[in-house]
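In what follows, a structure is listed as structure tokens, so that the remarks can point back to it.
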Amino acid sequence: MTRASADRAPGPLLAPGGERMAPFMIAFCLIAFIAAALAIAVASGGRAALDLAGRLGGSATVAVQGAGLESADATAARAAEILSSVRGVAQVRTLDQTASDRLIASLINSAAPGPSGDVRLLAVSFTPRSTLSAAALSAPLRVQGVSAAIDDHRLSTSRLWRGAVLLGLGSAGAAIGLLVATWLVARLAVRRCLDRQMSWLQLLHALGASDGLVICLVRTRLAARVAVSSAIGAALALLAATAWRVAGRSPDIAWNDLIAGPPWILAAVMLAMIVTSLSTRAVLQRTP
Amino acid sequence: MSITNVVTSPDEAGPRAHPAPVARFENVSVSVGDEAKGPRGVSFALAPGSFHTLTGAPGGGKSAILRLLSLGARPARGRIQIFGRDVFSLSRAESAAMRQRIGQVFPQMPFLDHLSVFDNAGLVPRLAGRKVDDYAGDVCEVLRWVGLGRRLHDRPSGLSAGERRSLTIARAVANRPEIVLADEPTADLDPLSARRVLRLLAELAIAGTTVVLATSDDDLAGRCGAPILHLHEGRMTLLEGPMPGFLA
């Protein structure tokens, strides 16, 4: 009989279930869903903005117009030749009328590109460490009598960077808000758990359980619950983002953006463990 | 039976008196709801292996004294030494470790109903960090001793009142404590079960464990034949023993 009793592991000290944690698990799940969805959105949005800023940062767009007897195409070719000789310019590409029309339409937010008439666009790429500005490009053109409007993309890139910073700050604020929400829900969950298990806690305390053991038991229980509910919430966010992408509603979401969601599970579990340790210790401190 | 104003000292504590008491109270007062009724200025010492009954009217502070002895409360005034250590000097970890050396037969203490009789009886050694292989033999032996040898895998909820009380005793002694505190251990039990519980406590004392039995039943206290610590209106007196009783 002794052997048989010793052969099997003793049952869990903390009774399975009984705390009625369903509302808290739903709350953790919802928070994880929002956090994971936010992380995916920030990852894809940030990546897209930085990609665009990177592409725009080393280039300029030059618009030239035919003047007098010179056609727009001839002016564009001349401007390209002039710009190619400017120090710091790596490549000058002349866009044909169709490409120019499309780009102009996108810049003025027009669905149907209209004819650009005698305007031609040139895409100018800079060498890697070049700091060319619109003024530096317009000077040689002016000398050669080419009238051009030049956008060195500084305004666009500065707006993109500002947008990225705002996105980062906003998402950091939202993350802090979600962490605070997790903290509060975890605190309430620990309170509920300890209220429901007070006689258990008092019994173990009376029988000589150390504070560390009691804290470990409660912490493990709550961490497991938070891990499961947060994993469900994050998985739902991943599924939603995947469906969104597959349906073509948000082509900006890359597959590797989806990995931004799961780290929240770890953050939520860690936070719940800290809250559990502190709250349980506070309750235990009230016992002699 | 004589009444003295000075309560038991280690030398008076019992037949196995020892110079180093396992517990010593010096002018201890307890703050309870009605302070006038709570124990105050209580002094006594428990010698190793002694058996004392703690008597007094219900609500007179017997349970409060036991809570102090079990490190479940702190006194409002006075000094308490358990196993030679002042309870106020103990860290929380030391208090927990010390509680593992004190068996508590408190009927109001619950069981973990999701665990078996064996697991409940083995709680204290388990909390002390012992492996199940290490304590299984002791627990089975104790459960056989209290008459629950065939109920190892049952749930406590399936036991009778007498069996539950026996399980309380088994849980209290499974880790071989140096003190066993019993609070009204025979309350609500039929005479046969009550006699059985008292016999178990007596056997513990005979085996060298310090036992304090709190009861409101003066007849029961008299039948024990042990020194009686009597609480009356907050004051404690020693009613001398030993007398012929089941301990004799």
Side-chain angles (χ1 to χ4, degrees), chain A residues 1-22 190 192-222 224-225 274 276-288, chain B residues 67-68 70-75 87 90-104 106 108-129 131-141 143-144 149-150 152-153 155 171-172 174-175 177:
Chain A
M1 196 175 287
T2 302
R3 194 69 252 159
S5 303
D7 281 347
R8 60 174 191 81
L13 282 174
L14 188 51
E19 301 98 352
R20 299 192 183 160
M21 300 277 280
V190 176
R192 163 71 68 89
C193 178
L194 293 178
D195 283 349
R196 296 260 172 196
Q197 303 281 4
M198 191 49 77
S199 63
W200 166 87
L201 188 144
Q202 286 169 341
L203 174 68
L204 258 59
H205 177 74
L207 295 180
S210 65
D211 290 357
L213 175 70
V214 175
I215 289 169
C216 181
L217 290 168
V218 179
R219 190 174 53 200
T220 306
R221 168 65 55 84
L222 195 76
R225 299 276 168 97
I274 293 169
T276 309
S277 299
L278 295 177
S279 298
T280 310
R281 189 174 295 281
V283 170
L284 286 169
Q285 291 292 335
R286 282 185 236 134
T287 60
Chain B
R67 272 201 304 279
L68 292 172
S70 65
L71 303 172
R74 293 283 169 90
V87 295
L90 296 173
S91 67
R92 293 186 63 81
E94 287 171 332
S95 290
M98 207 169 263
R99 270 193 283 271
Q100 292 164 7
R101 298 164 65 188
I102 303 169
Q104 299 174 43
F106 296 172
Q108 69 274 21
M109 276 174 77
F111 296 108
L112 299 182
D113 276 326
H114 65 284
L115 295 181
S116 65
V117 163
F118 173 84
D119 284 345
N120 270 283
L123 268 178
V124 181
R126 184 177 173 185
L127 294 175
K131 299 283 180 207
V132 65
D133 288 342
D134 178 37
Y135 65 74
D138 289 347
V139 171
C140 287
E141 189 183 323
L143 284 170
R144 270 197 297 274
R150 294 178 186 279
L152 295 187
H153 303 298
R155 293 277 181 269
R171 182 175 65 186
N175 203 39

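Everything quoted here is computed from the prediction, not taken from an experiment. Reminder, nothing fancy here: chain letters follow the sequence lines and each chain counts from 1.
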Within-4.5 Å side-chain heavy-atom neighbours: [X] and [Y]:
X	Y	answer
B:L123	B:D119	no
B:N175	B:D138	no
B:F106	B:S70	yes

So what's closer than 4.5 Å to chain B heavy atoms on A:Q285: side chain, backbone, both or neither?
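Looking at A:Q285, backbone and side chain both touch chain B.
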Under 4.5 Å from a heavy atom of chain B, the part of A:L213 involved:
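The answer is the side chain of A:L213.
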Taking side chain as everything from C-beta outward and backbone as N, CA, C, O, which of these in B:R101 sits under 4.5 Å from a heavy atom of chain A? Side chain, backbone, both or neither.
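Answer is neither: B:R101 stays 4.5 Å or more from chain A.
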So what's closer than 4.5 Å to chain A heavy atoms on B:L71: side chain, backbone, both or neither?
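The backbone, not the side chain.
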Does CZ belonging to B:R92 count more than 12 external heavy atoms closer than 6.0 Å?
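Yes, CZ of B:R92 has more than 12 neighbouring heavy atoms, counting only those of other groups under 6.0 Å.
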Please identify each residue that fulfils salt bridge (Lys or Arg N to Asp or Glu O under 4.0 Å) with A:R219, with sequence neighbours left out.
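For A:R219 there are no salt bridge (Lys or Arg N to Asp or Glu O under 4.0 Å) partners, ignoring immediate neighbours.
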Return the option, out of B:A172, B:P110, B:G122, with the maximum number of heavy-atom pairs under 4.5 Å with chain A.
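The residue among B:A172, B:P110, B:G122 with the greatest pair count is B:P110.
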For chain A, find which of B:R171, B:M98, B:R74 contributes the most heavy-atom pairs closer than 4.5 angstrom.
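Option with the top pair count is B:R171.
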Who among A:S210, A:S199, A:A209 has the most heavy-atom pairs with chain B under 4.5 Å?
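Highest number of heavy-atom pairs under 4.5 Å: A:A209.
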Look at the side chain of A:Q197 and the backbone N and O of A:L194, then say whether any donor-acceptor pair between them is shorter than 3.5 Å.
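No; zero donor-acceptor contacts below 3.5 Å.
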